[in-house]
Amino acid sequence: MKLTRRSFVAGASAIALAAPATIGRAQDGKIKFVSILDQSGGLDIYGAPMVETTKMAIDDINAAGGLNGREVELILYDAQSNIQLYTQYATQAAAGDRADTVHAGITSASREAIRPTFARFNTLYFYNTQYEGGVCDFNNFNTGSTPAQTVAKVVPYVMNKWGKKVYIVAADYNYGQITAQWMQKFVKDNGGETLGVEFFPLDVTNFGPTIQKIQGAKPDLVISALVGGAHVSFYKQYAAAGMNKEIPIASTTFGVGNEQTLISPEEGEGLIAAYSYFEAVDNPVNKAFLERLTARLGPGRPTMNELSVRSYEGAMLWAEAVKAAGTADRAAVIEALRAPQSYTGPSGVVTIDPQTNHAVQNVYIAEVKNQKFEILESFSDQPPADTQLVCDLNANPNQNTFLFENGLEAAGIKL
Amino acid sequence: MDQVAALVIQLAYGVANLALISLGLAIIFGMMRVINLAHGEFLMLGGYTVVVATNNGVNLWIAMLILAPLVVGVIGVVVERLLIRWLYGRMVDTLLATWGLSLLLIGIVTSIFGASTATTVSVPIGVIRIGEYSVSGYDLFLIGVTLGLLGAVYAVLKLTKLGLVARGTMQNAEMASALGVSTSRIYMITFGLGAAVTGLAGGLLAPVTGVLPTIGATYIAKAFITVISGGASILAGTAAGSVLLGLVNGIFSFLTGPTFGEVALLLAAIVLLRLMPRGITGRFFRKSL
């Protein structure tokens, strides 16, 4: 018998009808892919482009004939920059929609709010955002870059370039707090000195007192992990006080909200950041990806960054694993992902690290020139060395914890 | 010494910043008793006017000082005619209606311009050196503008016929009406004026803050806290509230960091309102404007 898509689907449904207990999910034949991201509210500068690339990924998968002959259905929820809605939609996705996979969360706060839900409901969860590292969860794949991949590269680079005395400014929630600790560690490892660390609630718009303190401390450089629209004010006020010409800035967050276009060319010039993706990454996959994206969204399309491109690549990694497993069943897909699964996307090759369920990926250091990032240095196949310090899912798969919840002491790192 | 001078300017700027974002609200809430939850979005619209105008080649100063108040003032008049005028005297209803308005404005701006809009606006006016320290000349300019704006609003309310009629209408609309004043028109003008002042503030802050559709949310709470702490008098209240809260916020931010700066501001407001439920001008400067 020749196996056409139709006969396969018919056969699959017959099996599904005959054995509803074994195939509880996706009884209508479609594979359910749920995305929960902030399309509105203060975090939409990150979320809106991520939603666009997620849609594109699902369209690409379906245009190529779906997965194992089944169409993928995208269900989008807008969490509206509200943690409470994240938990609500996560429960809806896991218990109501019975999703085959959920790709969700931008801030680390939102991830920690919903991760336990997916562990409880056995729903495969992807978090496609760069973050502070330390999640050790068999059910959760963290494809974004972590500090050992980015901060560890950018800190020595800028310290060689600018000097050893560092001042740190960061957003006041788990991402900023923990990333600031990583920064201090890498500054110390490279023989530098941290002169000061300051944390800012997300709605602070007046940075005057801090800028004065930075002037008083006279560091060689400032490293920022500021987050969100209000914090863009820091770069503007820093430049207004003439500081951008005197004490340069490196950042682990500048750029993922396309901040380089929200401040003027003079204000942003020379700022250095490190991510696993910039539009300037030079490879044919990226070139084709950007061309297709422009054709899809028009010339006014959002600038791509790690968050939006990794949302696409995260979806594709999952899709490849579903193909390799021959099923969308959670256990089989996790096994395929940990085989490990690789995907060659716009950022280069992304491979799952089975020890941590994080991603081995390329990292690029880039500098802002006239509101665009230009790549200064590339590092290929960087492992998530930070999370590897504390997490071994091969030895102990049965866990779902966030090990850096109380900072880096879990990794035996003393500041 | 240099540091003290630079710090004093920073503190003054913090105070001026609060006064600037609150003054329009003081007119609309303090004078008209309309709880305008769309105040943050009026500020955002002022900022967007500047960004969009400068992206289209308009001179920054014209965009900030003329277009921003004009555009937001007109929007204010339209809002008053369509929405607010049906709700005078129903404070809680104005709260709900303007909350809806704020969501609507965010939605409209997002659907027209997207989640963020690229800008090329730099902070105008150069850097002023104080020994080893430097402050932005624009900060000094904003302090000056805030003082000027307070003066201008005082002059309009105290010295012009419009101001007199407006104050009379707010105190006793029926009596004003009986004396031949078109109270509906006065309400419209006052609301428009409050919106224009807010638009000007939003425009002036555009070069030093991020301009995004959702940025209003970061201002709204502080503006209300300042106006309520200030109490019944529009100008004296706003000025007193800004001075107190701005200084507390600035000093604590400098000493302990921004998180405690914000905490200290809120704590100061709570203690103040516990001791003086009618705000500063409910106890002091009661006869002031």
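Note that the coordinates shown come from a computational prediction; the quantities given were computed from them, not determined experimentally. What you see below is based on every heavy atom in this structure, not just the backbone, and it leaves out hydrogens, waters and symmetry mates.
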Tell me, for [X] versus chain B, whether the close heavy atoms (under 4.5 Å) come from the side chain, the backbone, both or neither.
X: A/Ala230; result: both
X: A/Glu246; result: side chain
X: A/Asp44; result: both
X: A/Ile211; result: neither
X: A/Gln371; result: side chain

Checklist line | Which of A/Pro49, A/Gly257, A/Ser40, A/Ala241 touches chain B most, by non-hydrogen pairs under 4.5 Å | finding: A/Ala241

Under 4.5 Å from a heavy atom of chain A, the part of [X] involved:
X: B/Ala217; result: neither
X: B/Pro207; result: backbone
X: B/Leu212; result: side chain

Notebook entry, point to check: Just by distance, do the side chain of A/Lys213 and the backbone of B/Phe254 share a donor-acceptor pair under 3.5 Å?
Noted result: yes

Check: Donor-acceptor pair, A/Gln237 side chain versus B/Val208 backbone, under 3.5 Å?
Finding: yes

Next item on the list: Using only heavy-atom distances, determine whether the side chains of B/Ser134 and A/Gln215 contain a donor-acceptor pair under 3.5 Å.
Entry: yes

